[in-house]
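Note that the structure is a prediction, hence the values are computed from the model and not measured. Chain letters run A, B, ... following the sequence lines, proteins first, then strands; residues in each count from 1.
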Amino acid sequence: MIFARFHRGLRAALLAAAVVSRLAAAADLPTLWAERVKCAVAVEYTVETENDRRSMFDYGTVVDDKGTIVLPAGSIEASLPPGQLKDFKIFLPGDPTVWKAEYLGQDAFTGWHFVRAEEKVRSRLVPVTSFAAHGPSPVPRIGEELWGVGFRTKDEDFLPYLLKSELSIIQSLPDRTGTALQEVSGPGLPVFNRDGILVGLALESGEQQFQEYSQMNRGGETILLVDVEESSIFQLADEVLPYFNRIPSNVDGRPLAWLGADGLEPMDRDVANFLQLGAQSGAVVSEVLDGSPAAKAGMQGHDIIIAVDGRPLPRFRPDRVVSEFLEKEISRHRPGDLMRLTVLRGAAHVEVTARLEDAPRLIREARRQYFDGMGLTVREFVYGDAVQRRLKSSETSGVIVHFVKSSSPAAVAGLQPDDWIKEIDGVPITSYDAAVDRLKAASQDPLRTECVLLVSHGGDTAVLRVKLNPEPAAVPK
Amino acid sequence: MKPAILNLIFPRSTLALAALVVAAGRPAQAAVSRGLNQLLDSVVCIDVREVNFEEGSRRFEASIGSGVVLSDDGLILTNAHVASPRAVEINVTLANLEHVGAKLVGWDHWTDLALLRLDMDDVRRRGLRFSHAEFGDSNKLFPGETVYAVGTPYGLKRTVTRGIISNTSRYFEDDRGVDGFETGAFNTWLQTDAAINPGNSGGPLVTEDGRVVGITSRAYLGANNLGFAIPANVAKTTIAGLVHEGSITRSYIGIVPSPLQDLEKFYALALDTGMLIASVDPGSPAARAGLQGGDILLAVNHRPVDARFPEQLPAIQNFIAGQPVGSTVVLTLKDGPKERDVPVVTERLESSMGEETVFEAWGLSVRRVSRAYARENQLADDTGVLVIGIRPGYPAEEAGLAAGDIITRINRQPVTSLEGIRKVEEAYAGKPEPTLVEAQRDRRVALYILKP
């Protein structure tokens, strides 16, 4: 017992010594760099579609000692089904060795994609948490020097290089977000202060556009050329550290908390003043989706949400951040949770209590099948398709065209992605399985010359004929 | 589905000056018929000043077209795209080059025809003289027949060009073809190679004896002499309606038709039988009766239909449109090997273009959301007005409204009429108070404040 106690004490002492030595060496940027660059990796994966394979590269930060790596929210296209994401690999900075990795899925709340490195390489990775402050993370002050890591490209073995800048501003968007004068780290990679303490995680440079938009009127557009390899904006450390353990339990990122109040639109100061909201804010619910928790709770389109669980919506600068704040409030919950929303309906305050549900199947989760002879992929009709077409979710039938190979019989017949196939060979399609059976039968029948589809495209319906088993063309002799 | 391939053939505002080419004299080939001479004295030039409400303010535009006098009491036929209800001033130049004012009597964008009446008091006071034209039978035209187009291209008074009938029943439909209004669903067109230039619009297409067989209306832009005219027999029916009521009332059931060519075998149909229903407008009488895209229509009121080719569609559409509004039309549909009759109660046909106006205090131009527009755009109902223009620096722009927004409520009250908005605007103009506007953009609903 005494030994154990001593041992524990010794470890604490050693840890303390390590921190002290780190701090003592604070002035020595080369030393800080050498240690901290080990928490940054490059991630390569392949997107495999019907007729195409593409290699993609992103940067990730190591967040624990189990080889867990966090990639920024937009790094992987959200519409891609996880089944099309293949061959995840990681590279250590400046090292061409390929290490295998596994895709764990996307977390709904942070939006991060999680990847896990293979066992063998884990000992060479250093979690970014080792450089976090004990207790609250330091909030950099305007003008303070910050630095981070950039990567060269794959053909340069992802050689790391130093990025350094000064803090320009901190805003709540709604996360506390810092902007530096210039690029300060690779997107998804950590940002440190001069003492080597973690102060943030760089966002994708695309987020910079968000700030530009916010300078303009609602709906204003701007064209901004941004460096996608480096970023000058970052979430503060305390906005990210608590969530490194939100590792999805499945690649689909399920469960996904769902309210079904769609199109949450912000309001500006003038509107808030008119509605006598004082210092707080509100968001207009554009549409309450059919059969959703919001609908069941009695929420109505055009309601204005002014409080969540009794807490008034804060005012953000810019005002439009309130929409994202609400989305985050919802995704913070789990299906089954109750969410109490105070809404303004006309002049009346109404309390709406919704029990969140797991979101209906997403398009990226829809079952799908490729028919090579036709050059056509169809997918299941999911809830989002009904919403898009303004149908009741109970009215759904048929399948959706997901992919049309160029110059294929399907393309020649005039099929386009997102077309809605309602009948195949004159038979109404009531389920995905029925559609697949019919298409399979048609494409495998050597005697069939065509397959006739009744297709809805936009609002118009058309009868399209997909030619099968074309006669061999006469060849001049 | 219906590309706007044909351009209106009169200029929207300014007139390009046509170069004058002096041709060497040559002997007259044949004496011009008496009929043609009389016709020439009935063709007029029409100068129109019309108001539009674009970009948040009231603006005036001048344009020019042709017309033909139909009667001694001063009725003039022209195109709907020459003189519209937006006209604030119509000036007619008679064949003898005298100017007389005129008023709009009736307007029908579907057939692109408008009817004017000369200021007959003025005509009598000044003792002005003009001739009037006689109609021919456009059903008797044949391809290759010689025709003359008479009009005032580029304002050049009484210009005659000659050509032949190139096609007697050309199908052409355009959802935005007449100043944004629909045209061509209920008639086919005459095609001619007689030279038709901007400003010819509304002038007559006549046979050698000077009888009016068509009203020249449009031409392909950039093509050589592909001109289109409304057949006289269509015009005669339209005129009869316009004289009495100022507009043509048509029935609507909400089907979008399509030809059946090459699909007969798939549908197990005899040739020259039936019409394909390509789609059904959501919420329309046909939709409520259970019709769907892909249905085959075999008969209307037990009269068999045949739409193997697109040219056959307008006649069927016109037959349905001609049924009394609110009457029951029996549609016979193919139902597997059998047939079934579906009764459908017709509604009054509406354009998707609603009435327009401008609220100048706010710098806001709007168009009423019509039932047809609401259906096309899958809106919940026809409440609201569509923003069509914003004046920079005025309250609507400052608030963040933009063209394409649909204003659904003002000060929390649903928008049901332009007059309702006018009242709020007048109150605002008198004493500007912040005004709450709810508007929908795509599917998102947002709030805006109009304030000084």
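- The parts of A:Val387 that come within reach of chain B are both its backbone and its side chain, each placing non-hydrogen atoms under 4.5 angstrom from that chain.
- A:Arg390 contributes no side-chain N or O that, together with a main-chain N or O of B:Ala380, makes up a donor-acceptor pair within less than 3.5 Å.
- For a residue to count as touching a neighbouring chain, one of its non-hydrogen atoms must lie under 4.5 Å from one of that chain's; by this rule B:Asp295 does not touch chain A.
- With a 4.5 Å cut-off on non-hydrogen atoms, A:Arg465 touches chain B through its side chain but not through its backbone.
- In this structure, no portion of A:Ala283 lies under 4.5 Å from any heavy atom of chain B.
- Heavy-atom distances place the backbone of A:Leu264, and not its side chain, under 4.5 Å from chain B.
- Note that the CZ atom of B:Arg412 and the CZ atom of A:Phe274 stand 6.0 Å from one another [nearest 0.5 Å].
- Note that CE of A:Met267 and OH of B:Tyr448 are 11.5 Å apart. Values are rounded to the nearest 0.5 Å.
- Rounding to the nearest 0.5 angstrom, the gap separating the CZ atom in B:Arg443 from the CD atom in A:Gln388 is 8.0 Å.
- Side-chain contact between A:Asp270 and B:Lys451 is present, with at least one heavy-atom pair separated by less than 4.5 Å.
- Here the side chains of A:Val452 and B:Tyr267 are not in contact, with every heavy-atom distance at 4.5 Å or above.
- Of the atoms belonging to B:Glu438, it is side-chain heavy atoms, and not backbone ones, that fall under 4.5 Å from chain A.
- Using a 4.5 Å heavy-atom cutoff, the side chains of A:Val285 and B:Val445 are not in contact.
- Proximity to chain A involves both the backbone and the side chain of B:Asp262, based on heavy atoms less than 4.5 angstrom apart.
- The environment of NZ in A:Lys296 is crowded: more than 12 heavy-atom neighbours from other residues, nucleotides or ligands sit within 6.0 Å.
- Within the 3.5 Å criterion, the main-chain N or O of A:Glu287 finds no donor-acceptor partner in the side chain of B:Arg444.
- Counting heavy-atom pairs closer than 4.5 Å to chain B, the top-ranked of the candidates A:Ala347, A:Ala462, A:Ser456 is A:Ala347.
- Looking at B:Ile277, there are no atoms closer than 4.5 Å to chain A (heavy atoms on both sides), in backbone or side chain.
- Side-chain atoms of B:Leu447 and A:His302, non-hydrogen and from C-beta on, never get closer than 4.5 Å to each other.
- Counting heavy-atom neighbours within 6.0 Å of B:Tyr394 OH, excluding the residue itself, gives a total of 12 or less.
- The number of heavy atoms from other shown groups lying within 6.0 Å of CZ (B:Arg368) is above 12.
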